[in-house]
Amino acid sequence: MMENSLEHIDRLITRGKRLRDRERYEEAIGIFEEATSLIKGQLQSASMSTYKFDLARRLADSYGIQGGCYRRWGLAAEDDSTRADLLLKSIRKYREGESVESNNEYGIVSTYNLLNKTVSQILLDARFYDDPSAAVKYPELEPIDARAELEKVRKEMRRQLHRDDSWFLADHALVSLLLDYEKEDPKDIYKEFLNPEKIHPSFVYDSMLATLRALAKLDLPMAGKIEDVVQRLDERYRQLQN
């Protein structure tokens, strides 16, 4: 029974991802919300710790994917009001995912939602990068110190340097880029991700480039470095497609 429930949830999430990749964001979010509702219902009655972990991990992922859908949708919006509304929805979903990841009951080791909540908040208003008072304009948002949040993510990621998957390498490089921690050259920051021996799925490049292009347009101290990274990633992506 438990295995069947997880399989059904996974099928829903896979279906939602396919819709997302076709930019059918509203339909995709509806599917993810169905999966989220199912997971939350299962969590309420779950007793085995391993099953709880499996459910909670999927719940955090589902919230995170919804946050990503809203962000991609928002970044593609033509007017500022729609963009802001969709980015706020993105932040809400990432915030819900972060609450699952930080719940000690589940034992999830991930900074995915925390990182992306912070990035979406910077995309909403670049002042969030180093000015917590930016939250005055958005009463529902916390007056975050984005650099402090990114440092928290960086600290946790340094415990996971054994990981070699595409998303971890992309996120680890993004954190280093945004912190501009050691004034590194962009080619060094993305050295591991751009290792010629590593082949990353096209959707990873699509997601990375959409976020980085939007960040490069903001009034951030490392905007020039971000633009440099976009050019390097674009070049590698084109090479892989030829």
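On a predicted model such as this, the values are computed, not experimentally measured, just so you know.
- Comment: Lys187 does not engage Asp228 in a salt bridge, judged by the lack of any side-chain N to carboxylate O separation of less than 4.0 angstrom.
- There is no side-chain donor-acceptor pair under 3.5 Å between Tyr129 and Asp219.
- Within the 4.5 Å cutoff, the side chain of Leu124 has heavy atoms near those of the Leu141 side chain.
- The 12-atom threshold is exceeded at CZ of Arg83, counting heavy atoms of other residues, nucleotides or ligands nearer than 6.0 Å.
- In this structure, Glu101 and Thr111 have side chains that are not in contact, with every pair of non-hydrogen atoms separated by 4.5 Å or more.
- Transitive grouping of hydrophobic side chains (ILVMFWY, heavy atoms separated by less than 4.5 Å) keeps Phe32 and Tyr25 in distinct clusters.
- A donor-acceptor pair shorter than 3.5 Å cannot be found between the side chains of Gln121 and Tyr94.
- We find that Glu149 and Lys152 are joined by a salt bridge, their nearest charged nitrogen and carboxylate oxygen being less than 4.0 Å apart.
- For the pair Ser99 (side chain) and Glu96 (backbone), a donor-acceptor distance under 3.5 Å is present.
- In this structure, Met208 is a member of the same hydrophobic cluster as Leu114, with clusters built from ILVMFWY side-chain heavy atoms closer than 4.5 Å.
- Rounding to the nearest 0.5 angstrom, the gap separating the CG atom in Leu55 from the OG1 atom in Thr50 is 9.5 Å.
- Within the 3.5 Å criterion, the main-chain N or O of Asn116 finds a donor-acceptor partner in the side chain of Arg71.
- When only modelled atom types and interatomic distance are considered, Gln66 and Thr36 share a side-chain donor-acceptor pair under 3.5 Å.
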Intermediate values then yes/no, side-chain contact (heavy atoms from CB on, under 4.5 Å), Leu212 and Leu174 | CA-CA 9 Å; Leu212 287 166; Leu174 177 61; 3.9 Å; yes
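- In this pair, Tyr205 and Tyr237 present their aromatic rings parallel. The plane angle is below 30°, not in the 30 to 60° band.
- Using the six-membered ring where Trp is involved, His172 and Phe168 have ring planes that are parallel, under 30° apart on the 30 and 60° scheme.
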